[in-house]
Amino acid sequence: MKTDGVSQSNISAGKLKTYPIPVCATREQEQLVRLVRTQLELADRLRELGNESHVKVTTLNQSILAKAFRGELVPQDPNDEPASVLLERIRQEREAAGHSSATPRRGRKPKQARGS
């Protein structure tokens with residue numbers, strides 16, 4: 001079908017017109033179109049369900065975190081001291097050990113200028 005020219009191949013329209021291209025019968029084409037539409041509708045519905053699920057999971061994560069911060073995820077022991085009392089006790093123990101509340105926390109060291 002093709003002819004070679006100077007570093008380029010060509011297909012002439014005349015030759016292409018004579019090339020047989022198989023085509024399905026109209027009834028078969030209509031059936032294929034119906035099948036494709038059904039699959040596309042299914043894909044759209046799955047995408048919607050995925051988006052709805054994503055929203056639900058996000059909401060669930062937020063609810064779980066809120067319950068965790070309120071102490072509602074596990075049964076609470078009434079003998080446990082409140083967090084505020086625990087934090088105050090830790091602060092007092094640090095002061096007694098000679099650590100001031102202004103003691104810098106451990107962590108990353110500040111970046112130094114290049115060439116220093």
Q: Starting at CZ of Arg47, measure out to CG of Leu42 and round the result to the nearest 0.5 Å.
A: 11.0 Å

**Q.** Non-neighbouring partners of Arg34 that pass side chain to side chain donor-acceptor pair (under 3.5 Å), sequence neighbours left out
**A.** none

Q) Between Arg91 and Glu95, is there a salt bridge with N-O shorter than 4.0 Å? A) yes

**Q.** Distance (rounded to the nearest 0.5 Å) between Leu46 CG and Glu41 CD
**A.** 12.0 Å

**Q.** Salt-bridge contact Arg45-Glu48 (side-chain N to carboxylate O under 4.0 Å)
**A.** yes

Q | Euclidean distance, Leu32 CG relative to Glu30 CD, rounded to 0.5 Å | A | 10.5 Å

Q) How long is the gap from CD on Gln29 to CZ on Arg27, to the nearest 0.5 Å? A) 13.0 Å

Show every donor-acceptor pair shorter than 3.5 Å between a side-chain atom in residues 59-66 and any protein atom, with sequence neighbours excluded, or say none if there are none.
unit_1 : atom_1 : unit_2 : atom_2 : d
Thr59  : OG1    : Val55  : O      : 2.9
Ser63  : OG     : Thr59  : O      : 3.1

Q) So, Arg89 and Glu93, do they make that salt bridge, N to O below 4.0 Å? A) yes

Q | More than 12 heavy atoms from other groups under 6.0 Å of CZ on Arg37 | A | no

**Q.** NZ on Lys67 to CG on Leu73, rounded to 0.5 Å
**A.** 7.0 Å

Q: Kindly compute the distance separating CG (Asp44) from CG (Leu40), expressed to the nearest 0.5 Å.
A: 6.5 Å

